[in-house]
**Student:** 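Can you keep this structure in mind? I'll have questions shortly.
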2 protein chains.
Amino acid sequence: MKPETALKRFEDFLRQKELRMTQQRREVLLLAWSTHDHFTAEEMFSWVRKEGGSASRATVYRTLGLLVEGGFLAALERGQGQILYEHILGHQHHDHMICLSCSKIIEFRNAEIERLQEEECERSGFLMVHHSLTLEGYCSACQQRGAVPDAVLDRESEA
Amino acid sequence: MKPETALKRFEDFLRQKELRMTQQRREVLLLAWSTHDHFTAEEMFSWVRKEGGSASRATVYRTLGLLVEGGFLAALERGQGQILYEHILGHQHHDHMICLSCSKIIEFRNAEIERLQEEECERSGFLMVHHSLTLEGYCSACQQRGAVPDAVLDRESEA
DNA sequence: ATATCTGCAAACAATTTGCAGACGC
DNA sequence: GCGTCTGCAAATTGTTTGCAGATAT
């Protein structure tokens with residue numbers, strides 16, 4: 001989805017909630033659409049600053065909240081109390097494997113899993129907006145480096 | 001897995017890391033095994049207090065960190081900066097649907113999805129320790145209440 | 001014995017909030 | 001013009017850390 005389209009949607013969303021479109025909210029939305037990567041609230045704030053934007057830190061946080069509420073951004077919780085955001089309107093979702101030793105992130109996508117998720121949702125009458133599948137474990141490099149705790153290996157050998 | 005077994009494993013884990021088993025660590029591990037639900041660090045601390053345990057807040061946090069590191073507990077990031085823990089050794093994993101409106105949590109388990117995840121791991125040479133699949137959206141009750149934002153409905157109708 | 005642990009309270013980091021003035025609609 | 005927004009700085013929340021004494025091995 002193009003930034004202009006997203007902006008239009010955002011305006012609609014705000015109107016419906018009887019909220020107002022402001023320069024600051026525009027800035028944040030456009031910056032969110034200027035990257036295809038995850039970003040934190042602080043990163044967004046620094047971008048605003050770099051671009052000479054006028055949004056304050058508080059406004060950035062408030063606007064990110066609105067964007068998540070409206071389904072424009074997905075919030076991905078990933079340890080250490082920091083929240084990662086990514087724009088999701090019109091984008092394909094990907095899942096993650098995260099190495100507990102070196103923190104490497106491997107992205108993958110499996111259409112069959114997606115389909116089964118939809119099936120589960122139908123079964124429960126659940127309207128899915130977003131999903132997040134994260135596999136935690138050890139990447140092949142770390143396995144070879146012997147970076148896997150014995151407690152984990154013990155468990156593995158039992159199975 | 002029984003609490004005593006878990007305790008034994010924890011002792012092994014500590015020994016391997018040249019750390020010591022203490023009364024406080026024992027308390028925390030056993031309390032973690034006394035519930036089958038998720039819990040936060042603060043909840044664990046209040047349990048310790050209620051049981052007349054001696055572990056302080058700091059020790060609770062430190063011990064939970066150790067337990068996660070050893071693969072005894074899973075840490076589930078779920079918004080608002082709070083981390084939920086659950087013991088995972090010897091337990092079957094379940095996934096979650098979370099309602100964005102009423103926060104209701106629906107648990108589900110789909111063996112086929114689990115299998116496909118394993119397949120993806122093999123493909124990448126990844127040793128999975130834990131996985132977390134969370135579907136965010138709106139439960140059927142909230143859909144009927146009209147609690148779904150229009151931006152979401154619009155997106156839905158396009159697809 | 002000695003190195004690790006613990007409790008305490010202070011430090012931290014990320015995020016939220018109250019309020020007075022600014023600004024969309 | 002009215003009611004919402006914003007910026008600021010202070011408040012909150014959840015978690016971590018430094019240090020002196022306590023404790024496991």
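Residue numbers start from 1 in every chain, and the chains themselves are labelled A, B, ... in the order their sequence lines are given, proteins ahead of strands.
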**Student:** Rounding to an integer number of Å, can you tell me how far Y61(A) OH sits from dT17(C) P?
**Tutor:**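 The distance from OH of Y61(A) to P of dT17(C) comes to 13 Å, rounded to the nearest Å.
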**Student:** Just wondering, more than 12 heavy atoms not from E107(B) lying within 6.0 Å of its CD?
**Tutor:**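 Yes.
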**Student:** How is R62(B) classified with respect to the nucleic acid when contacts are heavy atoms under 4.0 Å: base, sugar-phosphate, or nothing?
**Tutor:**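 It contacts base atoms.
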**Student:** Find the distance I83(B):CD1 to dT15(C):P and express it as a whole number of Å.
**Tutor:**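 I83(B) atom CD1 is separated from dT15(C) atom P by 13 Å.
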**Student:** Hey, which of these two, A55(B) or E18(B), hits DNA chain C nearer its 5' end, going by closest nucleotide?
**Tutor:**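 Whichever sits nearer the 5' end wins; that is E18(B).
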**Student:** Does the distance from a Lys or Arg side-chain N to an Asp or Glu carboxylate O, for E118(A) and R115(A), drop under 4.0 Å?
**Tutor:**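 Answer for the salt bridge query: no.
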**Student:** Using the rule that two of Ile, Leu, Val, Met, Phe, Trp, Tyr join whenever any of their side-chain heavy atoms come within less than 4.5 Å, decide whether Y61(B) and L19(B) are in one cluster.
**Tutor:**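 Result: no, two separate clusters.
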**Student:** Looking at R57(A), I'd like to know whether one of its side-chain N or O atoms comes within less than 4.0 Å of OP1 or OP2 on dT15(C).
**Tutor:**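 False: R57(A) side-chain N/O out of range (4.0 Å or more) of dT15(C) OP1/OP2.
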**Student:** With sequence neighbours left out, what residues match Q117(A) under side chain to side chain donor-acceptor pair (under 3.5 Å)?
**Tutor:**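 Q117(A) satisfies side chain to side chain donor-acceptor pair (under 3.5 Å) with H131(A) once adjacent residues are dropped.
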**Student:** Could you check which residues of residues 42-50 of chain A get a heavy atom under 4.0 Å from DNA chain D? Sort them by number, please.
**Tutor:**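 Those residues whose heavy atoms fall under 4.0 Å from DNA chain D, taken from residues 42-50 of chain A, amount to none.
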**Student:** Does the ring centre of H38(A) sit less than 6.0 Å away from the ring centre of H96(A)?
**Tutor:**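 Under 6.0 Å, so yes.
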**Student:** Please give, in whole Å, the distance from dA24(D) C1' to R26(B) CZ?
**Tutor:**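 Going from CZ in R26(B) over to C1' in dA24(D) covers 10 Å.
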**Student:** Whole Å only: how far is the CZ atom of F13(A) from the P atom of dT4(D)?
**Tutor:**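 One finds 16 Å between P of dT4(D) and CZ of F13(A), rounded.
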**Student:** Please state how far atom CG in L64(A) lies from atom C1' in dT16(C), giving the value in whole angstrom units.
**Tutor:**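 In whole Å, dT16(C) C1' lies 13 Å from L64(A) CG.
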**Student:** Centre-to-centre under 6.0 Å for F10(B) and F72(B), is that the case here?
**Tutor:**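 Here the rings of F72(B) and F10(B) have centres that are less than 6.0 Å from each other.
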**Student:** For nucleotides 22-25 of chain C, tabulate all protein N/O to nucleotide N/O atom pairs closer than 3.5 Å, reporting atom names and distance.
**Tutor:**
unit_1	atom_1	unit_2	atom_2	d
dG24(C)	O3'	M21(A)	O	3.2
dG24(C)	N2	R20(A)	NH1	3.2
dG24(C)	N2	R20(A)	NH2	3.1
dG24(C)	N3	R20(A)	NH1	3.4
dC25(C)	OP1	M21(A)	N	3.1

**Student:** Please give, in whole Å, the distance from dC5(D) C1' to L29(A) CG?
**Tutor:**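 Taking CG of L29(A) and C1' of dC5(D), I get 17 Å after rounding.
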**Student:** Can D12(B) and R9(B) be counted as an ion pair, charged N to O under 4.0 angstrom?
**Tutor:**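 Here D12(B) does not pair with R9(B) in a salt bridge, since their nearest N and O are not under 4.0 Å apart.
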**Student:** Looking at dA9(C), dT6(D), dA9(D), which one has an atom nearest to any side-chain atom of T59(A)?
**Tutor:**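 The closest nucleotide is dT6(D).
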**Student:** Minimum heavy-atom separation for T59(A) and A55(A), please, with both atom names.
**Tutor:**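 Reported closest heavy-atom pair: CG2-CB, 4.2 Å.
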**Student:** Could you give the CG-to-C1' distance, from L67(B) to dT15(D), as a whole number of Å?
**Tutor:**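 Value for this atom pair: 16 Å.
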